[in-house]
Amino acid sequence: MRWSKTLIPTIKEIPQDAEIASHQLMLRAGLIHKLSGGLYTFLPLGLKALRKIERIVREEMDRAGAIEILMPALQPREIWERTGRYATLRDTMFKILDRQNRHMVLGPTHEEVVTDLVAHEINSYRQLPKTFYQIQAKFRDEIRPRFGLMRAKEFVMKDAYSFDTSWEGVEKSYQAMYDAYVRIFERVGLRTKAVEADSGAMGGSASHEFMVLAESGEDGIVECGDCAYAANTERAERKLTAAAPSEPPPVTRVVTPDCRTIEQLVAFLKVKPELLIKTLIYVVKGQPVAVCIPGHRELNEHKLARALGGDVQMADAATVEKVTGAPLGFAGPVGLTIPVYADTELASGQASIAGANVADTHLLNVRLGRDAQVAAWHDLVICREGDLCPRCGQPMREKRGIEVGHVFKLGVKYSQALDAMYLDETGNRQTLIMGCYGIGVTRTLQAVIEQSHDANGIVWPASVAPFEVAVLPLNVNHAETMRVAEELVAALEAQGLAVLMDDRDERPGFKFKDADLIGFPVRAVVSERSLAEGKIEIKQRSATDKKMVPLAEAAGFIAGLIRES
RNA sequence: CGGGGCGUAGCGCAGUCUGGUAGCGCGUCAGCUUUGGGAGCUGAAAGCCGUGGGUUCAAAUCCCACCGCCCCGACCA
């Protein structure tokens with residue numbers, strides 16, 4: 001391919017809209033073009049890279065025994081109502097009316113559609129197990145699209161769904177996908193880490209996320225420095241240090257004018273935040289509850305939801321004032337009539353300063369269990385740096401990650417709702433057990449760039465590079481240079497390589513900068529200077545040294561470099 | 001949806017406070033020179049100053065409303 005015949009709009013300046021390196025580079029290298037928030041056109045280079053990732057995904061899915069299908073993105077709303085997910089996902093779904101005024105949605109994911117398919121087409125244990133997958137655009141009305149392709153309203157996902165007759169079977173299907181994911185991310189050149197994760201709205205019993213470690217990642221993860229434990233901070237648990245239980249003297253009041261936040265209280269009372277009991281009012285299944293956690297901690301709403309078995313929502317100011325009888329900022333567990341749930345760390349009694357449910361007043365020497373009844377103790381806080389590993393007790397490290405893949409053991413949530421049954425060996429109708437597995441393909445593309453770039457631009461792994469080689473004839477008006485460049489391109493293409501020739505009439509420095517920005521794994525320069533020696537100058541993007549290689553050997557040499565990488 | 005910021009030429013920005021002929025850099029087009037790390041000179045094209053309304057002799061500038069974009073939070077591949 002010749003540069004002049006395609007569209008590669010590189011830009012020198014850093015786009016103002018883009019915050020993180022990979023987003024900036026995708027725009028600067030001319031991979032994508034923004035239509036509007038969260039919606040992008042893939043330009044030739046971006047599309048080529050995307051296709052290469054898709055191809056790797058297909059190869060590994062096929063190798064793992066998954067069957068490719070293609071389901072409609074446009075779906076009747078009714079099928080979502082049957083699983084109860086229209087209620088939970090309605091805000092993230094794009095909703096449309098057809099000309100008959102039938103309610104349709106654009107698929108944000110495909111559990112419903114695939115389960116409906118299997119309910120109709122699979123009847124016998126003889127046809128099982130099966131795993132189906134597709135690579136397709138998904139639509140989600142994200143609250144906040146972000147960072148280019150990282151969180152878009154329309155994005156390409158590889159989604160797979162397994163159907164088994166037993167939990168042992170699910171285990172196998174899950175493991176097969178897990179292993180395939182490890183290979184896929186390895187092949188696209190990403191270093192990923194599988195972490196234990198929360199199943200969230202998807203439901204199900206267990207799940208792992210594949211994380212690309214990156215400062216710009218939207219997820220927090222903690223990992224043990226000693227053993228293999230790693231988990232999303234939403235999910236992660238911690239081991240508590242065995243603190244000696246403390247039995248404070250009776251409760252006393254203290255006046256704390258205008259101290260509504262932990263920071264204000266810490267400053268006013270001159271105590272450590274660890275000694276405070278933070279009391280939050282939540283609404284669960286329509287009922288207000290109080291949640292107590294240590295003052296230096298953040299509540300983990302996922303854990304709270306799991307512990308209380310329902311959607312949780314922070315109470316509004318009016319509810320808080322009604323429940324506590326005090327203005328916002330002075331809630332405490334003592335004397336409340338609503339159930340109080342407390343984080344297990346508070347069981348030691350170390351923290352003892354709490355709101356008094358009276359304006360400008362706090363209580364000292366509060367002992368949960370003694371001065372206030374606790375409905376239940378749970379692990380309720382977000383894990384962070386320094387917390388102890390729940391398995392081995394060693395301190396954990398906190399990192400940021402980009403979630404590029406997620407695997408779930410789902411169970412029977414969808415198959416039950418949509419009657420996906422089969423006849424077993426004894427002729428009994430049984431419910432299928434499912435798993436589901438997603439890879440954000442467009443996100444993976446950007447994650448590769450996020451993890452693989454330098455000050456000059458992208459450094460593509462050859463496996464996903466839009467072109468493996470750039471051939472730069474430095475003077476396009478020099479006939480011999482062009483003749484040699486064209487021969488080199490032909491020879492490289494004969495080796496099965498994708499080659500871009502920069503045939504623009506530009507100065508050498510200009511072409512070098514663009515080649516670095518786009519990040520071709522190998523750059524071959526044809527110039528009058530090198531031609532005088534009968535040689536081609538070859539440089540790898542990831543290296544600093546250049547090699548002069550005789551004309552006749554150049555194509556073979558480059559093919560060798562690509563193969564090794 | 002809550003909080004913050006920003007909309008002026010294809011891109012990056014100044015001009016807005018204090019109303020008075022729309023500016024700079026990059027890019028684009030033409031010409032000459034240049035030719036191994038984003039060239040120089042000369043000339044040219046290109047702007048409903050986000051949209052609608054209001055105030056005023058006069059609005060990019062002041063007021064109101066709306067729209068869009070970016071960042072922080074909830075959501076998620």
Side-chain angles (χ1 to χ4, degrees), chain A residues 9-20 23 27-28 30 33-39 57 88-93 108-110 135-160 181 197-202 207 209-212 217-219 232 234 298-299 301-302 305 311-314 316 401-408 436-447 456-457 472-478 481 504-517 523 525-530 537 539 546:
Chain A
T10 57
I11 42 180
K12 216 190 305 188
E13 286 113 349
I14 295 171
Q16 186 225 0
D17 286 1
E19 188 83 355
I20 63 173
H23 186 198
L27 294 166
R28 290 189 57 210
H33 175 87
K34 184 165 84 176
L35 204 218
S36 83
L39 297 173
V57 169
T88 48
L89 288 180
R90 66 181 299 163
D91 289 341
T92 54
M93 285 197 273
T109 173
H110 283 249
I135 297 177
Q136 189 213 34
K138 294 286 184 278
F139 299 85
R140 294 184 189 173
D141 194 357
E142 292 287 345
I143 300 166
R144 181 146 91 88
R146 242 205 292 215
F147 300 152
L149 302 181
M150 283 298 179
R151 179 174 300 281
K153 290 183 177 172
E154 177 179 344
F155 62 97
V156 177
M157 177 158 127
K158 185 287 303 176
D159 44 325
Y181 277 30
D198 192 78
S199 308
M202 206 61 82
S207 81
E209 288 167 334
F210 286 78
M211 293 289 192
V212 173
E218 296 185 272
D219 288 273
N232 193 307
E234 290 172 357
E298 302 279 331
L299 176 73
E301 291 191 359
H302 296 89
D311 243 20
V312 303
Q313 229 182 346
M314 203 151 182
D316 56 28
I402 300 163
E403 180 191 357
V404 288
H406 202 157
V407 294
F408 298 86
C436 75
Y437 318 91
I439 289 179
V441 181
T442 38
R443 182 183 284 180
T444 297
L445 170 63
Q446 190 171 332
N456 295 318
L472 313 194
L474 287 196
N475 181 356
V476 295
N477 300 310
H478 185 251
T481 296
R504 296 174 300 172
D505 188 3
E506 293 288 354
R507 297 160 63 87
F510 191 91
K511 293 187 178 188
F512 293 147
K513 288 287 186 190
D514 264 354
D516 285 347
L517 175 60
R523 181 187 86 188
V525 173
V526 183
S527 69
E528 291 164 68
R529 189 208 275 178
S530 65
E537 177 195 297
K539 179 181 172 300
K546 302 165 188 168

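Reminder, nothing fancy here: chain letters follow the sequence lines and each chain counts from 1.
Base pairing annotation: B:rA60 forms no Watson-Crick or G-U wobble pair, as no partner gives both donor-acceptor distances under 3.5 Å. In this structure B:rC11 sits in a base pair with B:rG25, meeting the Watson-Crick or G-U test at under 3.5 Å. In a base pair of the Watson-Crick type (N1 to N3 plus N6-O4 or O6-N4) or a G-U wobble (N1-O2 and O6-N3), with each distance short of 3.5 Å, B:rA46 is matched with no nucleotide. The nucleotide B:rU18 finds no pairing partner, because no Watson-Crick or G-U wobble arrangement with both distances shorter than 3.5 Å includes it. Pair assignment for B:rG31: B:rC41, on the basis of Watson-Crick or G-U wobble contacts that are both within less than 3.5 Å. Taking a pair to require two hydrogen-bonding distances under 3.5 Å in either a Watson-Crick or a G-U wobble arrangement, B:rA77 remains unpaired. Look at B:rA65: its Watson-Crick or wobble partner, with both distances under 3.5 angstrom, is B:rU51.
Applying the side chain to side chain contact (heavy atoms under 4.5 Å, CB included) rule to A:N477 yields the partners A:N475, A:D505; only residues at least two apart in sequence or on another chain are considered. Residues satisfying the salt bridge (Lys or Arg N to Asp or Glu O under 4.0 Å) criterion with A:R146, sequence neighbours excluded, are A:E218. Remark: A:N456 pairs with no residue by the side chain to side chain donor-acceptor pair (under 3.5 Å) rule, at least two apart or across chains. Not counting sequence neighbours, A:E506 has no partner by the salt bridge (Lys or Arg N to Asp or Glu O under 4.0 Å) test. With sequence neighbours excluded, no residue forms a salt bridge (Lys or Arg N to Asp or Glu O under 4.0 Å) with A:E154. Taking A:R90 as the reference, nothing meets the salt bridge (Lys or Arg N to Asp or Glu O under 4.0 Å) condition, with sequence neighbours excluded.
Across all strands shown, A:F147 has heavy atoms under 4.0 Å from sugar-phosphate atoms exclusively, and none from any base. Contacts of A:S36 with the nucleic acid, taken as non-hydrogen atoms under 4.0 Å apart, involve only primed sugar atoms and P, OP1 or OP2. Using a 4.0 Å heavy-atom criterion, one finds that A:A152 contacts the bases of the nucleic acid, with or without backbone contacts as well.
Evaluation of atom-type donor-acceptor distances gives no pair under 3.5 Å for the side chain of A:R140 against the base of B:rC76. Interface remark: the A:D91 side chain does not form any donor-acceptor pair with the B:rC75 base, using a distance-only criterion of under 3.5 Å.
Annotation: of the two residues near RNA chain B, A:D17 and A:F210, the 5′-most nearest-nucleotide partner is A:D17. With RNA chain B read from its 5' end, the first of the two nearest nucleotides for A:E209 and A:E19 is the one closest to A:E19.
A sub-4.0 Å separation between OP1 or OP2 of B:rA74 and a side-chain N or O of A:H302 is absent. At B:rC6, none of the side-chain N or O atoms of A:Q16 fall inside 4.0 Å of OP1 or OP2 (strictly under the cut-off). A:R146 has a side-chain polar atom (N or O) that falls below the 4.0 Å cut-off from OP1 or OP2 of B:rG73. The phosphate of B:rC71 (OP1 or OP2) has a side-chain N or O of A:R144 nearer than 4.0 angstrom.
Distance check, rounded to the nearest 0.5 Å: CG of A:L27 to OG1 of A:T10 gives 12.0 Å. Here the CG atom belonging to A:N232 is positioned 4.5 Å from the CD atom belonging to A:E209, to the nearest 0.5 angstrom.
The same atom, C1', is picked in B:rG7 and in B:rG52; the two are 16 Å apart, to the nearest Å. Using P as the reference atom, B:rG12 and B:rG50 are 14 Å apart when rounded to the nearest Å. Rounded to a whole angstrom, the distance from the C1' atom of B:rG47 to that of B:rA14 is 15 Å. To the nearest whole angstrom, the two C1' atoms, one in B:rC1 and one in B:rG20, are 43 Å apart. B:rC32 and B:rU21 are spaced 34 Å apart, taking the C1' atom of each and rounding to whole Å.
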In B/S/- notation (B base, S sugar-phosphate only, - none; protein heavy atoms under 4.0 Å), nucleotides 29-40 of chain B written 5' to 3' is -----BSBBBB-
Identify the pairs formed between an N or O of the protein and an N or O of nucleotides 41-46 of chain B at a distance under 3.5 Å, and give each distance.
none

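Summarising the geometry, the separation between NE2 on A:H33 and C1' on B:rG10 is reported as 10 Å, rounded to the nearest angstrom. With rounding to whole Å, A:K153 atom NZ is found 15 Å from B:rC76 atom C1'. The nearest whole Å value for the distance from the CD1 atom in A:I14 to the P atom in B:rC26 is 18 Å.
Without hydrogens or angle criteria, A:S207 side chain to A:A197 main chain gives a donor-acceptor distance under 3.5 Å.
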Give every donor-acceptor pair under 3.5 Å between a side-chain atom in residues 437-445 of chain A and any protein atom, sequence neighbours left out.
unit_1: A:Y437; atom_1: OH; unit_2: A:S162; atom_2: OG; d: 2.7
unit_1: A:T442; atom_1: OG1; unit_2: A:V156; atom_2: N; d: 3.2
unit_1: A:R443; atom_1: NE; unit_2: A:M150; atom_2: O; d: 2.7
unit_1: A:R443; atom_1: NH1; unit_2: A:E403; atom_2: O; d: 2.7
unit_1: A:R443; atom_1: NH2; unit_2: A:M150; atom_2: O; d: 2.9
unit_1: A:T444; atom_1: OG1; unit_2: A:G440; atom_2: O; d: 2.6

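Relative to the side chain of A:H406, the nucleotides B:rA77, B:rC76, B:rC26 differ in distance, and B:rA77 lies closest.
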**side chain to side chain contact (heavy atoms under 4.5 Å, CB included) assessment of A:Q446 paired with A:H23** = CA-CA 7 Å; A:Q446 190 171 332; A:H23 186 198; 3.7 Å; yes
